[in-house]
Amino acid sequence: MSACVPTRTDSKRTQRIHRPHSPPSTPPRRFRIAGADVSAAIAVFLIALPLSLGIALATGAPLQAGLVAAAVGGIVAGRIGGSPLQVSGPAAGLTVVTADLIQRYGWRTTCAITVLAGLAQLGLGCLRVARTALAVSPAIVHGMLAGIGVTIAVAQLHIVLGGTPQSSVLANLRALPAQLAGLDPAAVAVSAMTLTLLLLWPRIPGRAGRLLRRVPAALIAVSGATAAAALAGLVLPKVDLPSWRSHALAGLPEGPALGLVAAVLTTTLVCSVQSLLGAVAVDKLIATRPGGPARVGRSDLDRELLGQGAANIVSGTLGGLPVAGVAVRSSANVQSGAVSRNSTMLHGVLVVVAALLMVPILELIPLASLAALVMAVGIQMVSLHHIRTVTRHREALVYAVTTLGVVFLGVLEGVTLGIAVAVAVALHRLTRTRITHDEQEGVHHVHVRGQLTFLAVPRLSRALHHVPQGSHVVVELDGSFMDHAAYEALQDWQKTHTAQGGTVELTGRRVATGTDPGTADPGATGTGTGTHADTDTASAPHTAHTALHLGSARAECQCRPWTPWRNHRCEVPRLAPPDAASGQHPGRHPDRQPGQHPDRHDGAPRPTKAGQTTDPSVLTPSGGTSAPAAPLGGRQLVHGITTFQRNTAPLVRGELARLAKEGQRPTQLFLTCADSRLVTSMITSSGPGDLFVVRNVGNLVPPPGEESGDDSVAAAIEYAVDVLHVRSITVCGHSGCGAMQALLQSDPGQTQTPLKRWLRLGVPSLERMADDRRPWPRLAGRAAADAVEQLCLTNVVQQLEHLRAHESVARALRSGELELHGLYFHVGEAQAYLLQGQDEGAVFGHVGAVDLTA
C-alpha cells in the first residue's frame with residue numbers, strides 16, 4: 001500500500017483531527033441521555049430499592065424514609081455533587097448512627113439533625129477542606145465500617161430468627177440464646193432462601209449465567225423469597241408503607257444542646273468521610289474499566305461535599321434518612337457503563353416513581369427477607385482484604401481498637417479511640433530507634449535503624465563514643481527522617497573524628513528494587529526502584545550535609561538533576577560569517593548577547609580560579625598543555641566534558657565507583673527515539689545504572705526475521721531480557737517526531753536511502769492507522785492534534801506488538817517476569833502519557849492520574 005496519509009471514510013474519525021491552534025467546532029447543545037446511562041440507572045435502581053427499605057428497617061425509621069433518601073441522593077447529590085458516577089442514598093455505614101439518634105431523640109429530631117449535618121457539610125465544602133478528610137488513616141475508616149457492619153449483622157440476626165432487635169450490641173448478644181430457643185421457622189426459611197439466592201446468583205456458570213447476572217442479586221433474592229412466601233401462604237410481618245399524607249417531616253430539634261451538637265458532628269463526620277472515600281474509589285474504578293477516565297472527569301471533592309450537604313438538607317426536610325455515597329450502588333453504576341451523572345439522577349427518578357406507584361407490590365415483601373439482605377451487607381463490611389492490608393502495614397491494633405470501640409461504645413467514640421491509638425502508634429514508631437555498633441575486619445559499623453530524632457541522640461552519642469580514635473567508621477542511616485538535633489550531633493562527631501585522623505563514611509541503606517524479593521525489607525517504609533545515596537563524605541567533606549540527607553532518605557527515587565539546565569543554550573565560541581538573508585550569525589540565539597555565558601541566567605561569565613580559563617580550546621583532560629582550536633561541535637563537546645569533570649564528577653564518583661564494582665543491574669529497558677529533545681534520565685528521574693536505553697529514529701522495533709531489519713535492536717532486546725533480566729520494557733514516542741512526519745510524506749517511488757529503508761519498518765503503523773476496524777489510540781481528555789500526533793500514538797501501540805513477537809520477550813511475558821509499557825511524551829507540554837489498555841481501550845493517560853496498582 002502507499003505510505004501516504006491514510007484516507008478515512010468514517011466522518012466521525014475525520015472530525016477528531018483539526019488544525020492545530022484552532023478551536024474545535026461546538027455543536028448546539030441539547031439534552032439527551034445516553035443509552036448506557038439508561039441501562040446503568042435501571043441496574044442501580046433495582047439494587048437501591050430493596051436496600052433502601054432494608055436500611056430503613058434496620059434503623060427503626062419509617063420505611064418510606066429510605067425511599068426518600070434514595071430519591072434525594074440520586075437527584076440532588078447526583079446533580080450537584082462533584083463525583084459524576086457516585087450514587088448517594090441511605091448507606092449501611094450510617095445505620096448505627098441513625099438508629100441511635102432515633103432511639104434517643106425520636107424521628108422528627110433525627111430529621112432535624114440530618115438537616116443541620118447537611119448545613120455543616122455545606123460549610124466544610126465552602127472552606128474547601130475536603131482533602132483533609134482523606135488524611136484519616138485507612139485503618140480507622142475500615143475499622144469504623146467493620147464495627148458498623150458487626151453491629152448491623154448482630155441486630156438483623158434477631159429479625160432473621162423471627163424476633164426484634166435490642167438497643168445495643170451487648171443487649172443483642174445477651175438476648176441471642178433466648179431468641180434461638182424461640183425462633184420462627186417461617187422467618188428462618190424466608191431468610192435462608194434470601195441468603196442462598198444472594199450467594200448463588202452471581203456464581204451461575206456458563207453463557208446463561210452471564211446473561212442472568214445482569215439482573216442484580218439483591219433484587220432476585222428479595223423477589224424470590226417474597227414469591228416463595230406468598231405461594232407457601234406463610235404468615236410473616238411484611239413491609240408496611242403508610243400513606244404519604246401521614247409521612248412525618250422534620251421538626252425542631254429537642255434535647256440537650258451538647259448531645260445535639262455531638263449528634264450533628266457524628267453524622268457530618270460519617271457522611272463526609274464515607275462519601276469522599278467513595279468518590280476516590282469511584283475514580284479508581286473508572287480508571288480501570290475499558291475506556292478509562294477519558295469521558296468522565298475526576299471527582300471534585302469540595303463540590304462533592306457541597307452536593308452531599310445539599311442532599312442531606314433536602315432529605316432531612318422531607319423526612320428522609322441521612323445521605324452518603326454508597327459503594328455498592330456506585331460500583332454497579334460504573335460497571336454498568338454509565339458515562340455521565342444522568343444515570344445517577346435517572347435512578348432517583350425511578351425511585352420516586354416506584355414509591356408512588358409500586359406500594360402494593362412493595363408491601364408484599366417479608367421483613368425477614370429485607371433483614372437477611374441487610375445482614376449480608378453488614379457481614380461484607382468486615383472485609384478480609386482490609387484486615388490483611390492493615391496487618392501488612394502494622395496497623396492491626398488501630399483497626400481492632402476502632403472496630404471494638406464502634407461495636408461497644410458507638411461510632412464517634414470508636415473513631416476517637418482509633419485516632420488516639422493511631423497517633424500513639426505513629427509516635428512510637430517515630431521514637432523507636434535501634435542503634436548497633438560492631439567491628440568487621442578493622443572497620444567499625446554503626447547502624448541506625450528507624451527515625452533519628454533528638455530522643456535518640458543520647459544512644460547515638462553512646463554508640464559513637466565506643467568508636468576508637470583514628471579508625472575507619474561506616475555510619476549507616478536506615479531511616480526516613482532526621483531532625484536538626486540529631487544532624488548536629490552526628491556532624492560534630494564526624495568533624496572531631498576526622499580531625500583526629502579517622503575516616504567517616506555516611507551511607508544509606510540501599511532500598512530493594514521491588515523486583516528481588518530476597519532483598520526486600522518487610523519493615524521498610526520505601527519500595528522504590530533504587531537509590532544513589534552511597535556518598536563517600538570522607539573524600540568530599542563539603543558534601544557531608546548532602547550525604548546525610550541522601551543517606552537517610554527512603555523515597556522511591558532519590559535522583560535529582562546533576563546541574564541546573566533551565567534556559568540551557570550553547571554559545572557559539574567562534575562565530576561564522578553572518579547569514580546573508582537574516583544578518584544573524586548561525587548558532588547564536590537572538591536573546592543572548594555576545595560574551596554571555598550559557599551556564600549563567602544573568603549572562604555574567606562564570607568566575608574562575610587563579611590561572612584557570614573556561615575557554616575550551618585550551619583545556620585538556622589532564623589540565624595540562626592546550627589543545628588546538630577544535631571545530632564548533634568539538635569545542636562544545638570538550639566544554640561539556642570539562643564542566644562535568646569540574647562540577648558533576650565529584651558528586652557522582654562514589655556512586656559510579658560502586659556501579660563499576662558491582663556491574664550494571666538495570667530494571668528497565670527504555671526504547672525511544674533518537675530525538676535530541678528527549679532526555680530519558682529527566683523524564684524518568686533515573687540515574688546511572690537504572691535504565692538500559694536503546695534509541696533509534698522513530699523508536700521502531702523491527703519484527704523478528706524482518707528483511708532489511710536491524711539486528712542491533714533485536715540484540716539489545718535479547719541482551720536486556722535474557723542477560724540483564726530487566727523487569728519492564730517501555731516504548732516511548734514523542735510529539736513532533738520527524739520520523740513520523742517523514743513516514744506520512746514518503747513516496748514509495750523515491751530512491752531508497754538508508755533512512756527511507758529504515759522507515760519502512762514504520763509502515764505497519766501507517767496500515768494500523770488506516771484500518772477502519774481498529775479504533776485510534778487517543779490521549780486522555782482530547783483527540784490528537786493532527787495526523788502526525790495520531791501516527792505517533794499509533795506507532796507506540798504497533799511497536800509494542802512487534803516487541804511481543806520476539807521470542808525472549810514472549811517467553812518472559814508468559815512466565816510473568818516481564819511487563820510492557822507504552823509512553824508518549826509531549827515535548828511542548830513537558831507531559832508524559834502512559835498507555836492504558838490495548839486495541840479498543842488504548843488510551844494514553846496523564847502520568848500521576850493513573851493508578852498503576854489497580
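The figures here come from the full heavy-atom set of this structure, side chains too, leaving out hydrogens, waters and symmetry mates. Here the structure is a predicted model, which means the values were calculated and not measured.
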Report yes or no: do Asn312 and Thr114 form a side-chain donor-acceptor pair below 3.5 Å? no
Determine whether the side chains of Ser88 and Gln308 contain a donor N or O and an acceptor N or O closer than 3.5 Å. yes
Heavy atoms of Ala279 and Leu301 approach each other most closely as CB-CD2, 3.8 Å
Between Gln121 and Ser272, do the side chains contain a donor N or O and an acceptor N or O under 3.5 Å apart? yes
Considering all heavy atoms, the nearest Pro90-Arg329 contact: O-NH2, 3.3 Å
Between Ser330 and Val282, the two heavy atoms sitting closest are CB-CG2, 3.7 Å
Thr226 vs Val190, test: side chain to side chain contact (heavy atoms under 4.5 Å, CB included). Steps then yes/no. CA-CA 8 Å; Thr226 301; Val190 170; over 6 Å; no
State, to 0.1 Å, how close Ala61 and Trp107 come at their nearest heavy-atom pair, and which atoms those are. CB-CZ3, 3.5 Å
Cut-off 3.5 Å, side chains only: do Ser369 and Thr194 have a donor facing an acceptor? yes
Identify the heavy atoms of Gln274 and Ala91 that sit nearest to each other, and give their distance. NE2-CB, 3.3 Å
For the side chain of Arg778 and the backbone of Phe844, is there at least one donor-acceptor N/O pair under 3.5 Å apart? no
Without hydrogens or angle criteria, can the side chains of Thr59 and Thr98 be said to hold a donor-acceptor pair below 3.5 Å? no
